[in-house]
Amino acid sequence: MRAVRVGIIGGGSIAKAHVIGLRSLPSYFGAEGLRVEIPVIADIRRTAAENSAQRYEIDRWVTDWRAVIEDDDIDAVTIATPNHTHAEIAIAALEARKHVLCEKPLADNAGAGESMVDAAQSAGVVDSVHLNYRKIPAIQYAKRLIEAGELGSVLRYRGAFLQDWAANPLVPRSWKFEAGRAGAGPVLAVGCHVVDLARFLVGEISEVSAITKTSIRERPTPRGLSTYEVETDVSEMAPVDTDDMAAMILNFDNGAIGTIETSRVTLGRKNHCFIEINGTQGSIVFDYERMNEIHVATSQTAGLGMARVVIGPEHDGGLVWSLGGLGVGFAETVILHMRSFVKSITTGDVEVATFLDGLRAQEVVQAALASAASGVRELVPRHPIATVPIP
Ligand SMILES: NC(=O)c1ccc[n+]([C@@H]2O[C@H](COP(=O)([O-])OP(=O)(O)OC[C@H]3O[C@@H](n4cnc5c(N)ncnc54)[C@H](O)[C@@H]3O)[C@@H](O)[C@H]2O)c1
């Protein structure tokens, strides 16, 4: 079988994960249907395009993403650019009948996300949003426990995604702090992951109340290529108009209730993506910073408190490693997502988070932002989907 030829659009920080994710597939899982080539990378900044092509040993680099989309030799694209560019690039790629993996959040606003979902519905190709946290083996195990009824009926979801990379006010005012390009701050950037886990494990969210806060209101204008590196030249400052912190209170369609907190200024929290789910028979607790374990209480064990389960082949079917306790990291979450994306292309059986999943998460965040502005509880708007048969 011919290799799937993927063009990467955007050569910034997450492009590294896309390259690792795609190139690791045959060695991790065997070459059957998973051979990938990356002939081209695009970045609007020439230096970023050239540097990443050199670093990742990609033969060709371009500064206009349209050159990738117009290339008949390219089967699929991954979109690793700022949020406000996702819709234009993804819709053009879908119209050119390329399979598309778009970074999360799906877009900078739900309206743009709706156009992407509509375009995907009629394109007849694979559309996926990179909500890769679903692929963590401990999360997949939690889903199986919940589906098997081990927790009984779910009563409550407690989610948080707290980081501290922006706690230093000298972290530059990149696009990530600009509502016009990011859409919002961590309530969207990492909130979409923890909202997606809520949907994946508990169900659709119907209503949201929220508060948001911006604690650092200006930052140095960026000079370098990195969005995370502290700026040494602080002669020019630029305003920040995105949230730094948020808290949401949720109602689910199935009657469960929940909370979600997000932040990128919470000192000491690195990638604290935390979830706790409580049901009538038991509970689970997961923390990304210890992603190779999960704490579980079931009807048989709850009297003793939470039991720590070390994730291994008995929980993920030996998909990653065949020995328990070896552990996975961020790279494997991407590799597992890329495996599903490429398998969806080569087999036609879609088994990966789609644009619609990205939109549903975005709609919850949009309702949270509306609630933070209005001060009242908001219904989550849901775009009606007309499923167009795949030609
Ligand atoms: N799935 C995850 O866990 C995860 C983690 C980090 C970032 N992301 C997402 O990845 C996307 C990119 O984030 P990042 O951290 O890599 O940002 P970044 O700023 O490090 O990189 C973005 C790159 O896109 C380039 N770019 C901007 N506009 C472009 C255009 N029109 N055409 C081509 N290139 C363009 C920039 O020059 C830059 O090199 C965002 O949507 C972000 O939310 C996802």
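Atoms within a ligand are numbered from 1 in the order they appear, just like the ligands themselves. Keep in mind that this is a model prediction, so the values were computed, not measured.
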P82 near ligand 1 by a heavy-atom separation under 4.0 Å: yes

Part of T227 with heavy atoms under 4.0 Å of ligand 1, whether side chain, backbone, both or neither: side chain

Close approach of A17 to ligand 1, heavy atoms, under 4.0 angstrom: no

Centroid-centroid distance, W321 to F29, less than 6.0 Å: no

Within-shell test, E88 vs ligand 1, heavy atom, strictly < 4.0 Å: no

Quiz item: cation-pi between R158 and F274, 6.0 Å / 45°: no

V334 and ligand 1 - part of the residue with a heavy-atom distance under 4.0 Å: neither

Under 4.0 Å to a heavy atom of N83 - the qualifying atoms of ligand 1, by number: 40 (C), 41 (O), 43 (O)

I44, any N or O under 3.5 Å of ligand 1 N or O: yes

Close-contact set for ligand 1 against R45 heavy atoms, below 4.0 Å: 36 (C), 37 (O), 38 (C), 39 (O)

Carboxylate-amine/guanidinium proximity below 4.0 Å for R5 and D72: no

Proximity of H86 to ligand 1 by residue part, where a heavy atom lies under 4.0 Å: side chain

Identity of the nearest option to atom 19 (O) of ligand 1, non-hydrogen atoms only, from W175, W65, Y228, F330: W175

For H130, the ligand 1 atoms whose distance to one of its heavy atoms is below 4.0 Å: 1 (N)

Salt bridge (Lys or Arg N to Asp or Glu O under 4.0 Å) contacts touching residues 181-206 (sequence neighbours left out): R134-D196, E178-R181, D196-R199, R199-E204, R199-D357

Pair R144 + E147, salt bridge at N-O below 4.0 Å: no

Those atoms of ligand 1 less than 4.0 Å from some heavy atom in K176: 14 (P), 15 (O), 17 (O)

Distance filter under 4.0 Å to P105 heavy atoms, resulting ligand 1 atoms: 43 (O)

Aromatic contact, F286 with Y141 (centres under 6.0 Å): no

Within reach of ligand 1, part of E103 (heavy-atom separation under 4.0 Å): side chain

Worked verdict on E236 versus R223 for salt bridge (charged side-chain N to carboxylate O under 4.0 Å, His left out): CA-CA 10 Å; E236 199 188 340; R223 311 261 171 216; 3.5 Å; yes

Pairs meeting criterion side chain to side chain donor-acceptor pair (under 3.5 Å) with involvement of residues 23-33, two or more places apart: Y28-E332

S340 versus E351, side-chain donor and acceptor atoms under 3.5 Å: yes

Under-4.0 Å heavy-atom contact with ligand 1, by part of A80 that carries it: backbone

N or O contact, T85 vs ligand 1, cut-off under 3.5 Å: no

Contact (N/O only, under 3.5 Å) between I89 and ligand 1: no

Any N/O pair S13/ligand 1 closer than 3.5 Å: yes

Heavy-atom side-chain contact between V129 and V352 under 4.5 Å: no

Pi-cation contact, F200 with K143 (under 6.0 Å, within 45°): yes

